[in-house]
Every structure is written in C-alpha cells, then in structure tokens.
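Data block below; observations after.
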Amino acid sequence: MSEMLKGIAASDGVAIAKAYLLVQPDLSFDKKSVDDTSAEESRLDDALAKSTTELQAIREKAAQSLGEEEAQVFDAHLMVLSDPEMIGQIKQNIQDNKVNAESALKEVTDMYIGMFEAMDDNAYMQERAADIRDVAKRILAHLLGVTLPNPSMINEEVVVVAHDLTPSDTAQLDRTYVKAFVTDIGGRTSHSAIMARSLEIPAIVGTKEITAKVKEGDILAVNGIDGDVIVHPTDAEKADFEAKGKEYADLKVEWEKLKHAETVTADGKHIELAANIGTPKDLEGVHNNGAEAVGLYRTEFLYMDSPDFPTEDEQYTAYTAVLEGMNGKPVVVRTMDIGGDKELPYLQLPHEMNPFLGYRALRISLSERGDEMFRTQMRALLRASVHGNLRIMFPMVATLKEFRAAKKIFEEEKAKLVSEGTKVSDTIQVGIMIEIPAAAVIADKFAKEVDFFSIGTNDLIQYTMAADRMNERVSYLYQPYNPSILRLIKNVIDASHAEGKWTGMCGEMGGDQMAVPLLVGMGLDEFSMSATSILQTRSLMKRLDTKKMAELADRALNDCDTMEEVIDLVKDYTK
C-alpha cells in the first residue's frame, strides 16, 4: 500500500527509483588498556593519514562536480584533521591513561562536540561541532577497519534516503545514478540542498520520517518541485509522477531555447539576469545558462583556497579572467567577506560568542589589522578594471560612516595607481550589499552616495527575523515572503530609484520562482542567482506583466499580514 510523505522541496525535478539507504555502519568498540602506547599513536597517525587522503579526494571531486564554492566546506574538515591541539590531546590521553586509540579519540572529540553544541545561541560553533563529529567518525572507521558508506560507488539508478546528508556524502553523489535524495531533516538553505541544486538532482528535505518508513530497495516516487514523496507508489501514481517528470523535462528543453534571448517581461520591460560565482572556473556555467552579467563574485574563495594572503598580482589575474571572460558584461565583485562561517588558517580571528554578528567582512577590512589586505584587494581590482565592466560591492555595511571609509580607501588607492602611471577605468561603479536591516531602513541616505545596491537576502532575512537559517528549531521563521521582509526590500528599491540608481538581489530569493513576480512588481532591476536557475527565471518573466505585478506587490505589502497570505496571493496572480 502506498504512503504519501510531505517535505520541503529543495531542488526541482521528478524521479522514480528504488531506495538506497545511506546507513551508517556499526562503529562500536570496547575501551581497552594498552601497554604499548606508541603503537596506539601509530595507529592513530595511520587513521589520520588515511582520512586526510580520503577527504582530499572527496574535496577534489566536489570541486569538479559542484564548483569551488561548495567544495570549500571540506577545508574545515581537513583543518580539524590537522589541528595540533586536538590531535595532541588525543595522544596525551593515550599516553596518560594507557588506553586504545579508539577510546582516546572518542573521549577528546566528544568533549569538543559537547562544548560546541552547548553554545546553542552560536550557529558558527554548532557547525564546528558537526565538522568534528563528521571527521571523528571517519577516523574511527579507519581505526576499526570499517568502511563508511560510499555514495560514489552507487552504480544503478536510486533515490538516496538518509536522516541527513553531510557535505561529504552529497559531494560523492553521481547524478548518472542518483536520481534524487530524500532526508528526515534539513531546509532549502542547508549545504545538501544547495549542492543538490548545483547538481540538478531532485531533492526533498525535512520529511521528519522517511528513514523510518523506507527499507532498502523500496520503490519511491519523488517530486522535488512540490515536496511530495510516495513510498510504494501504485501504477497510477507512478504514471502521474512520470507525467510530471516528462512535463518538467519538456520545460527544461523549452528553457534551453532561451539561452541567447534577452530577458523581457510580457509587456517588454528588460530586466537583467545575472549569475553568482565563486571562481573564474564558474564562468562556464554562466555562459551555458545565458547569464547577462555576474551579479556576485565572491572573492573570499581566493583567500580561502590559498595557503597565505593572495598577492596583488594573483588577485589581479583572477579578476581579469572574469572581467575578460564576460566580454564587457557587468561584473559585480564583492570585496573580501571573511568571518562568520568562513575562516582563514593564516588570519587568526578572535573567538567570539556570535561571529555572524561580529568581526567579519568590511569590519575586518576597515580595521587596522585588515587595512593592508583591503588595500591590496582594491589595487588588484582597480588594475583589472580596464579589462571589463567592473562594479565593486562592500559587504556587511551597517552605517554611512563605514561606506565612506571604504570609498575613501578605494579613492586613495586609485589616485596612487594613476600617479604611478597605471591605467584605471573611470566608469567603475561602487555600491553596497544590503544585508543588515539598519542599512535597509536608511537606504534613502545611502542612495545619495552609492552607485547601486545589491540585496543579500540570506542574511537580511535571518537578521530581520532574529532566526538562524541553519537552526531547524527556528527554521519556520526563515520567511522570505514575510511582509516585513518585502517592505524592507521595497524601501531599498524605491530609495535607489529616487536617486537614479539601481538595485539588484544576489541572495537565494533572487532565483526563487515564488518571489520573482513580487520582485518584478517592486521594480527590482537585476536578479542574480545560481546559474542553473537563470533560464527558468527568464521563462517565467516572459509571462509577467509589470503593471499586474506592481498591483500584486502593492497588495502583498499593504493587505497581507502573514507569509502564507502572500504565497496564496502570488499563486492567485500567476495561475
């Protein structure tokens, strides 16, 4: 008998295949007393070396299949493996207590995990707990001679079922065989969901009970568009899902025809569709999906993928590659956004109770500690500006004083280069990322001084709602269509237009098909998103009349009290 389960639609697509349970092996062991502690340390070193080799291979595969940005998550795991303090404590435990390596590993890593998990008001530290747990499991498996599940070895069509998928699990999924995945927990902004969209694998997360309802080999029908999964579907239900799958495949063929088309609404208004990128390698996806610009170039990956601060010439080369690769189309480069969940091993930042609200991004750049790093980046960008259409964006701006300080450094470095005889473009636009509510509220003041705004909705939403988007206990508060969020966005757009400036959006909301009609109605000028969302969004915009969407936006802003009312209104206007 079939059973329908509901979850969160995390990645579009439809699939029918048998279940592959990503089940963890038995990693139990007995605590043992040992006489030869050196032998136990050698066993630990061997397990660490094997784990490092394994993770490096997973990271490399992730970089090839998902892109450098998604692969960066494994750098945190590799850092745990090479942490001298933690490894030293494990070895000290072996020596002092004369216990086997398994016992010493568990005792020390459990201490770290418990310490970080106790910081339930600090998402960054809780993510470190997850990193340590993932790495400790891998080391323990090698100590026990047990093989961890290896999704990369799947060689037949399956739907992967798991309580959750770690980044290392998701990176190994081969979409030739993995037709979809379904999990008990997670949300649209979780690492696994973002990776699924990059791989274009249908995904449903947050079903709460899929692992309890499914056995290995059960047939599953998955609809990642609506968030429906059927266990043991009937022939009629299979046929219905297959029809939906064909309909979606046909849509993708139609979207592909729009690759070289201009993005225009039903009444002929042009709106710019741009792509978010992390490295010059991502340009292939930008061109394959017909992007009209790069709306967000995350330069922090230059720093995160380097053993030391990248030099001015190294940065110049990377920026030039993107500017030249876009053939004169606009490229919005966000200056270094380190801090929060993005650490540099060579930049020792202070430990903070809440690093997402702490010393990060422009706050580092404008400090005495970050001044040289920021000026080096400015010089590299200014030198590269002659190779394309450069727009520079400062992240995490809260006050006008911060913007003015950053703009002053930009102007100082430009003057120095010009005095040295270096050519610099005179058409560089300088703007800010709107992700702090304080900046959104006084957007009218900023609009008099910036050249543009780009709204970073991922942080703007969580800061406005005071809800960590990665915390499942408050995930219901991550509400992109909440009237409060919509009013902030409208305020920013109106403020820019009043001064003859433009506003873009580079957060997840920019490619959200439910949000697009509202944003068109509010007058958003540029939508930047994952490259794989561009053609679908271009197709949707062709069906939207700006006057009708302006009416929709006005009603959502003034008549709706809740996110649910907004969603119903959008569906009514776009059906």
T422: side-chain hydrogen bond (donor to acceptor under 3.5 Å, both in side chains) partners, not counting sequence neighbours: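 Scan of T422 (side-chain hydrogen bond (donor to acceptor under 3.5 Å, both in side chains), adjacent residues dropped) gives none.
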
side-chain hydrogen bond (donor to acceptor under 3.5 Å, both in side chains) partners for T537, two or more places apart: Q513

Any donor-acceptor pair under 3.5 Å linking the side chain of [X] with the backbone of [Y]?
X    : Y    : answer
Q315 : P310 : yes
K501 : F453 : no
E272 : A293 : no

Selection residues 565-575 - residue pairs positive for side-chain hydrogen bond (donor to acceptor under 3.5 Å, both in side chains), sequence neighbours left out: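 As it turns out, the side-chain hydrogen bond (donor to acceptor under 3.5 Å, both in side chains) pairs with a partner in residues 565-575, which skip direct neighbours, are E551-Y573, R555-Y573, D572-K575.
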
Indicate yes or no: does [X] engage [Y] in a salt bridge with an N to O separation below 4.0 Å.
X    : Y    : answer
R391 : E526 : no
E254 : K257 : yes
E312 : R383 : yes

Atom pair CG (D554) and CE (M549), whose distance is rounded to the nearest 0.5 Å: 13.0 Å

Inter-residue atom distance D226.CG - D12.CG, 0.5 Å rounding: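 One gets 9.0 Å once the value is rounded to the nearest 0.5 Å.
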
Working for side-chain hydrogen bond (donor to acceptor under 3.5 Å, both in side chains), residues Q429 and W502: CA-CA 11 Å; Q429 292 188 17; W502 63 273; 2.8 Å; yes

Residue pairs, two or more places apart or on separate chains, that pass salt bridge (charged side-chain N to carboxylate O under 4.0 Å, His left out) and touch residues 424-433: K414-D426

Pairs touching residues 537-548 that satisfy salt bridge (charged side-chain N to carboxylate O under 4.0 Å, His left out), sequence neighbours left out: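 Counting only pairs at least two positions apart or across chains, the salt bridge (charged side-chain N to carboxylate O under 4.0 Å, His left out) contacts touching residues 537-548 are E292-R538.
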
Distance-only polar pair, side chains of S484 and N482, donor-acceptor under 3.5 Å: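 Per modelled atom types, S484 and N482 side chains form a pair under 3.5 Å.
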
Short side-chain donor-acceptor distance under 3.5 Å, S425 and T427: yes

Pair K269-M541, side chain to side chain contact (heavy atoms under 4.5 Å, CB included): steps then yes or no: CA-CA 10 Å; K269 181 181 178 181; M541 285 187 175; over 6 Å; no

Set of ring-ring contact (aromatic ring centres under 6.0 Å, His included) partners for Y481, sequence neighbours left out: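 Residues passing ring-ring contact (aromatic ring centres under 6.0 Å, His included) with Y481: none at all.
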
Steps toward side chain to side chain contact (heavy atoms under 4.5 Å, CB included) verdict (T299, Y319): CA-CA 9 Å; T299 61; Y319 304 147; 3.7 Å; yes

Flag if over 12 foreign heavy atoms under 6.0 Å of CD, E499: yes

